[in-house]
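This one's a predicted model, so the numbers in the text were calculated from it and none came from an experiment.
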Amino acid sequence: IAWLFHLTPPQEWIARPVLGAFTENRGVNVGSYVPKPHCSVKDSIYTQITPLTFVSKDPNAVIRWTFDGSEPTASSERSVRGTPLAHSTIVKAAAFQGSSRSATAVVNFVKVDGVTGVTLARPPSSKYAAAGPLSLVDGKGGTVNYRDKHWMGFEGDDLEATIEFDTERELRTVSVEFLQNINSWIYLPVSVEFQLPGDTIRIIVPPSDSTGIVRVTKDFGGVKTRVLRVKAGNIGLCPAGQPGAGQKGWIFVDEIITE
């Protein structure tokens, strides 16, 4: 601005960002840029204790964090490299240098216990993939809105999921939650199979016209296993007289619950 009007700029403006020139006071640098810290852990679902480290491109910055969802401040706990995450939590971290602060880095860490993995015989639609196969056992159910990120959708295909436990598990009940919204071509499965080593139990799901979440449950009475397979049969094509008649129907599932 000074050059535009042929004025001599103050020395403190030279080679400084405009915002910093107007917001800096003598001895206090409140306008300098501090890069957001980078995290070693991504938003995801984990089956093991995972070390957490935040780093900053600014070697002079101090990283502080919180584990209760609150925003970090200059008085928050200082981060420690390699801190083990053993439970689901939301971590927020920011880098501080003097009176300046970076943007907040946020990590949503979800830990599932007692499971080593979940595999799918067929992948879900990329539009409705939830947070991957492990989201079927993360304890987070969906809402009646099929666009809810917790729903996993299969177009024209069956759901076939295999859950592997870390030790032999005593199963009292197994439940699977499905969504039905016929106007959106989403139907309950025609059947649900629970497969254990040497045994398969098939439940016929009665048809319904209602919209909502339906839980299909089987009592196993304490049978022990390290592997559980669940198969839900797709309706195939949307029935005549219904929305989407003749088109591929959908199965939407959010959770497989073992107790």
Side-chain angles (χ1 to χ4, degrees), residues 43-48 87-90 108-155 157-167 169-182 184-196 200-206 208 210-223 225-235 249-259:
D43 285 1
S44 191
I45 304 172
Y46 296 81
T47 60
Q48 297 180 338
H87 307 286
S88 297
T89 186
I90 295 177
N108 185 9
F109 178 86
V110 178
K111 172 73 163 51
V112 295
D113 296 318
V115 173
T116 60
V118 177
T119 56
L120 299 173
R122 302 176 186 83
S125 165
S126 60
K127 295 185 294 183
Y128 307 107
L134 281 170
S135 66
L136 291 174
V137 294
D138 67 356
K140 298 182 178 182
T143 67
V144 292
N145 182 355
Y146 70 88
R147 294 185 177 90
D148 186 312
K149 64 180 181 179
H150 297 301
W151 288 110
M152 185 177 291
F154 297 82
E155 184 183 21
D157 285 330
D158 298 339
L159 159 71
E160 292 188 57
T162 301
I163 303 172
E164 297 182 61
F165 303 109
D166 57 357
T167 60
R169 173 76 65 86
E170 182 178 299
L171 297 180
R172 297 190 303 275
T173 62
V174 179
S175 301
V176 191
E177 285 189 343
F178 300 97
L179 176 68
Q180 178 160 273
N181 185 334
I182 292 176
S184 299
W185 309 1
I186 302 169
Y187 287 83
L188 295 177
V190 294
S191 64
V192 177
E193 289 184 3
F194 300 95
Q195 301 176 6
L196 303 174
T200 297
I201 300 170
R202 187 168 186 256
I203 296 177
I204 302 300
V205 180
S208 170
S210 62
T211 296
I213 299 171
V214 174
R215 177 178 288 196
V216 178
T217 300
K218 173 60 182 174
D219 184 355
F220 282 92
V223 66
T225 184
R226 289 197 64 165
V227 178
L228 169 67
R229 293 183 176 88
V230 176
K231 179 178 179 180
N234 194 294
I235 195 172
W250 289 79
I251 283 181
F252 269 56
V253 58
D254 64 350
E255 283 293 307
I256 300 174
I257 305 157
T258 57
E259 297 177 327

A.B. asks: Within a strict 4.5 Å, meaning less than it, do heavy atoms of the Gln180 and Val214 side chains meet?
C.D. replies: no
A.B. asks: Is the backbone of Thr143 close enough, under 3.5 Å, to the side chain of Asp148 for a donor and an acceptor to pair up by distance?
C.D. replies: yes
A.B. asks: Within the distance-only criterion (no hydrogens, no angle test), does the side chain of Ser184 pair as donor or acceptor with the backbone N or O of Ile186 below 3.5 angstrom?
C.D. replies: no
A.B. asks: Is any side-chain heavy atom of Trp151 closer than 4.5 Å to a side-chain heavy atom of Tyr128?
C.D. replies: no
A.B. asks: Would Trp250 and Leu179 count as a side-chain contact (heavy atoms from CB on, under 4.5 Å) here? Give the steps.
C.D. replies: CA-CA 10 Å; Trp250 289 79; Leu179 176 68; over 6 Å; no
A.B. asks: So which heavy atom on Val176 is nearest to which on Phe194, and how close?
C.D. replies: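 Minimum heavy-atom contact is CG2-CE2, 3.9 Å.
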A.B. asks: Does some side-chain heavy atom of Val144 sit less than 4.5 Å from a side-chain heavy atom of Thr211?
C.D. replies: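 When only atoms from C-beta onward are counted, Val144 and Thr211 do not touch, as no gap falls below 4.5 Å.
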A.B. asks: Take Glu160 and Lys231 through the side-chain contact (heavy atoms from CB on, under 4.5 Å) test and state the conclusion after the steps.
C.D. replies: CA-CA 4 Å; Glu160 292 188 57; Lys231 179 178 179 180; 3.6 Å; yes
A.B. asks: Rounded to the nearest 0.5 Å, how far apart are CZ of Arg215 and CD of Glu177?
C.D. replies: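 One gets 4.5 Å once the value is rounded to the nearest 0.5 Å.
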A.B. asks: In Å and rounded to the nearest 0.5 Å, what is the CD to CZ distance from Glu164 to Arg229?
C.D. replies: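 Glu164 atom CD to Arg229 atom CZ measures 8.0 Å (nearest 0.5 Å).
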A.B. asks: Report yes if the side chains of His87 and Lys111 come closer than 4.5 Å at any heavy-atom pair, otherwise no.
C.D. replies: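 In short, these two side chains do not touch, never coming nearer than 4.5 Å.
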A.B. asks: With Phe178 as reference, evaluate Asp254, Leu188, Ile213 under the side chain to side chain contact (heavy atoms under 4.5 Å, CB included) test and give the passing residue.
C.D. replies: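 For Phe178, the side chain to side chain contact (heavy atoms under 4.5 Å, CB included) test succeeds with only one of Asp254, Leu188, Ile213, which is Leu188.
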A.B. asks: Tell me, with the steps shown, if Phe165 and Val227 meet side-chain contact (heavy atoms from CB on, under 4.5 Å).
C.D. replies: CA-CA 6 Å; Phe165 303 109; Val227 178; over 6 Å; no
A.B. asks: Could you tell me whether the side chain of Ser125 and the main chain of Gly153 form a donor-acceptor pair under 3.5 Å?
C.D. replies: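 Not a single qualifying donor-acceptor pair exists.
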A.B. asks: Specify the closest pair of heavy atoms between Tyr146 and Asn181, including all atoms of both residues, with the distance to one decimal.
C.D. replies: CD2-ND2, 4.2 Å
A.B. asks: Glu255 versus Asp138: any side-chain heavy-atom pair under 4.5 Å?
C.D. replies: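 Glu255 vs Asp138: side chains touch.
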A.B. asks: Do the side chains of Leu136 and Leu120 get nearer than 4.5 Å, heavy atoms only?
C.D. replies: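 Yes; the side chains approach each other to less than 4.5 Å.
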A.B. asks: Of all heavy-atom pairs between Phe154 and Asn234, which one has the smallest distance, and what is that distance?
C.D. replies: O-ND2, 3.5 Å
A.B. asks: Would the distance check show the side chain of Asp43 and the main-chain N or O of Asn108 forming a donor-acceptor pair, the cut-off being under 3.5 Å?
C.D. replies: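 Confirmed, Asp43 side chain pairs with Asn108 backbone.
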A.B. asks: For the OG atom of Ser175 and the CG atom of Asp219, what is their distance to the nearest 0.5 Å?
C.D. replies: 9.5 Å
A.B. asks: Give a yes or no on this: more than 12 heavy atoms of other residues, nucleotides or ligands lie within 6.0 Å of atom CD of Gln48.
C.D. replies: no
A.B. asks: Give, for atom OG1 of Thr116 and atom CD1 of Ile163, the distance between the pair rounded to the nearest 0.5 Å.
C.D. replies: 10.5 Å
A.B. asks: How far apart are the closest heavy atoms of Ile251 and Asp157, and which atoms are they?
C.D. replies: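 Heavy atoms only, the tightest pair is CD1-O, 4.2 Å.
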A.B. asks: Decide if atom CZ of Arg122 counts as having more than 12 heavy atoms of other residues, nucleotides or ligands within a radius under 6.0 Å.
C.D. replies: yes
A.B. asks: About how many Å separate OG1 of Thr217 and CD1 of Ile257, when rounded to the nearest 0.5 Å?
C.D. replies: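 That separation rounds to 7.5 Å.
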A.B. asks: Identify the two heavy atoms, one from Ser135 and one from Ala130, that lie closest to each other, and give their separation to 0.1 Å.
C.D. replies: OG-CB, 3.3 Å
A.B. asks: Taking side-chain hydrogen bond (donor to acceptor under 3.5 Å, both in side chains) as the test, write out the residues that go with Ser208, two or more places apart.
C.D. replies: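 Applying side-chain hydrogen bond (donor to acceptor under 3.5 Å, both in side chains) to Ser208 gives Ser210.
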A.B. asks: If you count heavy atoms of other groups shown closer than 6.0 angstrom to CZ of Arg169, is the number above 12?
C.D. replies: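 Atom CZ in Arg169 is crowded, with more than 12 foreign heavy atoms closer than 6.0 Å.
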A.B. asks: Given side chains that start at C-beta, do those of Thr258 and Phe220 come closer than 4.5 Å, heavy atoms only?
C.D. replies: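 No, their side chains stay 4.5 Å or more apart.
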A.B. asks: Mind listing the closest non-hydrogen atom pair of Thr225 and Leu196 along with its distance?
C.D. replies: CG2-CD2, 3.8 Å
